[in-house]
Amino acid sequence: MTAINQVTDLDVRDGIAILTLNSPPVNALSGPVRDGLHKGVKQAIDDPAVKAIVLVCAGRTFIAGADITELGSGGPQGASLTDVQDMMEGSSKPIVAAIHGTALGGGLEVALCCHYRVGVASAQFGLPEVKLGLLPGAGGTQRLPRIVGAEMALEMMGIGDPIGAVKALEVGLISEIVDGDLTAGGVAFAKKLLAEKRPLVRVRDNDARVAPARGKPEIFAAFRKAHERKNRGFLAPEYNIRCVEAAVNLPFEEGLAVEAKLFRELLQGPQSAAQRYMFFAERQAAKIPDVPADTPLIPVNKAGVIGAGTMGGGITMNFVNAGIPVTLVETSQEALDRGLKVIRGNYENTARKGKITQADVEARMGLIKPALDMQALADADMVIEAVYENMDLKKDIFQKLDAICKPGAILASNTSALDINAIAAVTKRPEYVVGTHFFSPANVMKLVEVVRGGKTAKNVIATAMAMSKRIGKIGVLSGVCYGFIGNRMLFARTTQSNRIILEGAAPARVDKVLTDFGFPMGPFAMSDLAGIDVGWNPKTSKGETLRDRLCEAGRRGQKTNAGYYDYKPGDRTPVANEDVVKMIREFAASKQIRQRDVSDEEILQRCLFPMVNEGAKILSEGIAIRASDIDTVWVHGYGWPVYRGGPMHWANSIGLDKIVARMREFAKDDAAFWTPAPLLEELAAKGGGFK
Ligand code: 3H9
């Protein structure tokens with residue numbers, strides 16, 4: 001065995017050179033990895049004793065892509081990826097990539113320059129660059145379609161999800177699935193190639209796979225149309241599509257030139273910068289400074305959920321999807337049946353789309369144990385309370401849970417705003433009480449705010465964070481305050497959006513400004529969805545607020561087919577209603593609020609700057625550990641457009657000094673609301689940004 005460099009070894013056995021990369025955690029194509037590949041492949045090619053080369057990776061995965069930290073950070077050090085790939089593709093000796101884990105992005109692009117690929121059954125293959133606001137920039141856009149064809153390349157590049165080994169074998173991306181030891185399998189395959197005198201296959205030469213799509217622009221038009229809504233505002237999906245078009249219509253080298261130009265444009269643009277920032281922000285969120293990564297976790301093999309409503313049902317599905325049985329408790333058989341029916345309906349829908357089988361539906365439903373008595377939670381390792389927001393009710397439930405649940409069981413509340421410490425205080429185990437705030441729909445939205453009470457134990461925090469990951473979510477730690485990170489910032493936005501409509505901009509106009517910014521829906525469509533009457537009391541309502549008036553008029557949101565908008569039964573599309581605009585105007589007049597033309601720019605600033613300001617307060621109070629956690633909350637809990645990187649990243653990109661200056665102008669009318677937070681002022685004065 002020869003060490004080529006600190007991350008690369010070369011071992012020649014029986015005429016086969018085994019080149020092993022070992023650069024944890026994911027063998028990303030950093031300078032040393034590229035250097036090691038370059039020198040190692042060259043040495044193997046130059047060695048007359050070597051007849052074939054097998055490229056394999058140590059650790060958990062094959063190369064998972066370019067080193068994202070290096071992208072956009074000036075010129076990369078060491079051998080260029082193109083040099084490495086040219087040498088591999090042009091090698092006179094066959095090169096076999098032996099793949100385990102994930103061959104992603106630049107990793108798959110390196111494998112595509114090998115003459116053959118084999119992989120273990122669990123291996124995954126993908127070009128996920130689109131998720132980073134990029135496209136594959138190392139020839140992948142031109143080579144992948146030349147193996148899998150245009151349509152599948154569009155799926156793999158335009159959506160970015162990987163495929164498994166069975167599919168990869170079926171479409172010719174790999175030649176064999178290896179059982180047992182991968183290196184041995186790769187070597188055996190290389191020997192077979194030599195024995196059978198198989199040709200050196202260069203993917204770039206395979207025109208036959210792209211030719212069928214030539215002269216068929218409808219393939220691309222259909223793909224664009226199918227993903228139009230999801231891709232609204234994003235540049236990268238369209239650029240990926242154009243690269244596949246180039247692969248189909250242009251000679252290889254010209255296609256590469258298109259790829260290089262579009263890749264550069266994306267790499268240098270703000271969208272990819274924001275998406276790469278979010279990639280690391282999401283991973284950073286899991287790291288809590290005073291809770292070490294090796295903190296022992298509490299085993300969670302059985303969960304309990306209290307409340308089978310929208311939130312409780314969604315939370316139950318998350319656990320069940322991860323194979324964790326759930327005891328689901330309700331107060332009446334009707335409520336339980338209704339909740340189970342909704343869960344089953346959701347699974348049946350997923351099955352209809354072909355994403356799971358009917359057997360999966362039954363298996364998942366089988367993991368749910370319905371119960372009408374909280375006593376059924378006695379042996380649960382973790383219980384999540386998901387009843388409506390009422391402190392007395394929650395205290396009552398926690399007191400009962402404390403008596404019923406076994407010692408060491410975690411008691412979690414899905415409250416979206418209430419004081420976790422007050423809830424914990426009614427139990428004899430406040431160290432086992434934690435907030436786990438899911439976002440609606442809980443089976444879809446990726447965020448969980450893990451709320452740390454004053455007494456919550458570190459292993460409980462570590463377990464709640466790890467559990468979030470296990471059920472496919474991103475956990476972000478929040479301290480205790482009203483509304484935690486996300487809703488507290490939302491309240492600041494709501495205060496302003498409610499004022500703006502009284503000053504003369506219609507709800508539909510405010511919503512449009514925010515959807516144009518990239519949110520899936522604006523504040524008023526969101527209110528209608530959530531229900532305008534949440535927290536409204538018909539007995540005490542006296543038409544003193546706009547909400548009172550809307551609710552009194554029966555306009556309570558989507559559920560009554562009327563709120564800020566009208567809705568046709570069974571259709572969630574908001575339709576603007578002139579009577580509502582009139583109602584708002586009359587209400588404003590009754591409060592002597594002057595009507596004026598509020599510009600789109602002002603609407604955006606007045607909705608979003610208060611969020612940045614509240615975020616600054618949340619940071620200085622230590623409610624959020626870091627600005628990137630706030631961004632993660634907003635991107636994954638509220639649909640802040642990922643290509644703008646969350647409110648704090650967005651604020652940095654605008655310039656905090658500009659935000660503070662504008663807030664001071666607004667403060668002339670309302671100093672109490674618009675006075676900048678001290679941290680925001682301080683950073684703005686220094687010319688800095690949130691870190
Ligand atoms: C690309 O290839 C561009 C080319 O086309 C063009 C070149 C010219 N770089 O996610 P995890 C870190 S773009 C640097 O927690 P998992 C990650 O930050 C790239 N670091 O593990 C984390 O660090 P830490 C295309 C990376 O098992 C640690 O590894 N490729 C990279 O849940 C573990 O990560 C992609 O987009 C990277 N490429 O999932 C793939 N990847 O421990 C991106 C990971 O300090 N990666 N890290 O927090 C992934 O999707 C997942 O990380 C993976 C593992 C599935 C591989």
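For ligands, and for the atoms within them, numbers begin at 1 and follow the listed sequence. Numbering of residues begins at 1 and proceeds along the displayed sequence.
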Ligand 1 atoms nearer than 4.0 angstrom to some heavy atom of Gly105 are 2 (O), 25 (C)
Flag this pair as yes if the NZ/CZ of Arg283 is under 6.0 angstrom from the six-membered ring centre of Phe279 and inside a 45 degree cone about the axis; otherwise no.
yes
As an exercise, identify every atom of ligand 1 less than 4.0 angstrom from a heavy atom of Pro136.
5 (O)
Relative to the heavy atoms of Thr102, which atoms of ligand 1 are at a distance of less than 4.0 Å?
56 (C)
Answer with yes or no whether the side chains of Ser628 and Asp631 bring together a donor and an acceptor at under 3.5 Å.
no
Heavy atoms of the protein only: does one fall short of 4.0 Å from atom 31 (C) of ligand 1?
yes
Can you confirm, on distance only, whether ligand 1 has an N/O atom lying under 3.5 Å from any N/O atom belonging to Thr69?
no
Short version for Arg60: what comes under 4.0 Å of ligand 1, heavy atoms counted, is side chain
Between Ala64 and ligand 1, does any nitrogen or oxygen pair lie at a separation below 3.5 Å?
yes
With heavy atoms of Phe280 as the reference, note each atom of ligand 1 found under 4.0 Å away.
18 (O)
Leu104 heavy atom under 4.0 Å from ligand 1
yes
Should Leu81 be counted as touching ligand 1, given the test is an N or O pair under 3.5 Å?
no
Show me which atoms of ligand 1 lie under 4.0 Å from any heavy atom of Lys287.
24 (P), 45 (O), 48 (O)
side-chain hydrogen bond (donor to acceptor under 3.5 Å, both in side chains) between Arg276 and Ser272, intermediate numbers included
CA-CA 6 Å; Arg276 281 178 276 135; Ser272 176; 2.9 Å; yes
Using a 4.0 Å cut-off to any heavy atom of Lys469, which atoms of ligand 1 qualify?
32 (O)
Start with the C-alpha gap between Met467 and Lys473, add the side-chain angles, then the distance that decides, and say whether side chain to side chain contact (heavy atoms under 4.5 Å, CB included) holds.
CA-CA 8 Å; Met467 178 52 68; Lys473 305 282 169 191; over 6 Å; no
Within the 4.0 Å heavy-atom cut-off, what Val26 brings close to ligand 1 is side chain
Check whether Ser91 reaches the backbone of Met87 with its side chain - one donor and one acceptor, N or O, closer than 3.5 Å.
no
With nothing but distance in play, are any N or O atoms of Ala28 less than 3.5 Å from an N or O of ligand 1?
no
Atoms of ligand 1 close to Leu132 [distance to a heavy atom under 4.0 angstrom, numbered from 1]
13 (S), 19 (C), 36 (O)
Under 4.0 Å from atom 23 (O) of ligand 1, is there at least one protein heavy atom?
no
Does Ala58 have any side-chain contact (heavy atoms from CB on, under 4.5 Å) partners at least two apart in sequence or in another chain, and if so, which?
Thr20, Asn22
Which residue pairs satisfy the ring-ring contact (aromatic ring centres under 6.0 Å, His included) criterion with at least one member in residues 226-252, sequence neighbours excluded?
Phe223-His227, Phe234-Tyr643
Is there a polar contact between ligand 1 and Pro128, counting only N or O atoms under 3.5 Å apart?
no
Ranking Gly65, Pro24, Ala66, Gly137 by closest non-hydrogen atom to atom 38 (N) of ligand 1, top hit is Ala66
Find all atoms of ligand 1 within a distance of less than 4.0 Å from any non-hydrogen atom belonging to Phe279, and give their numbers and elements.
18 (O), 41 (N), 43 (C), 44 (C), 46 (N)
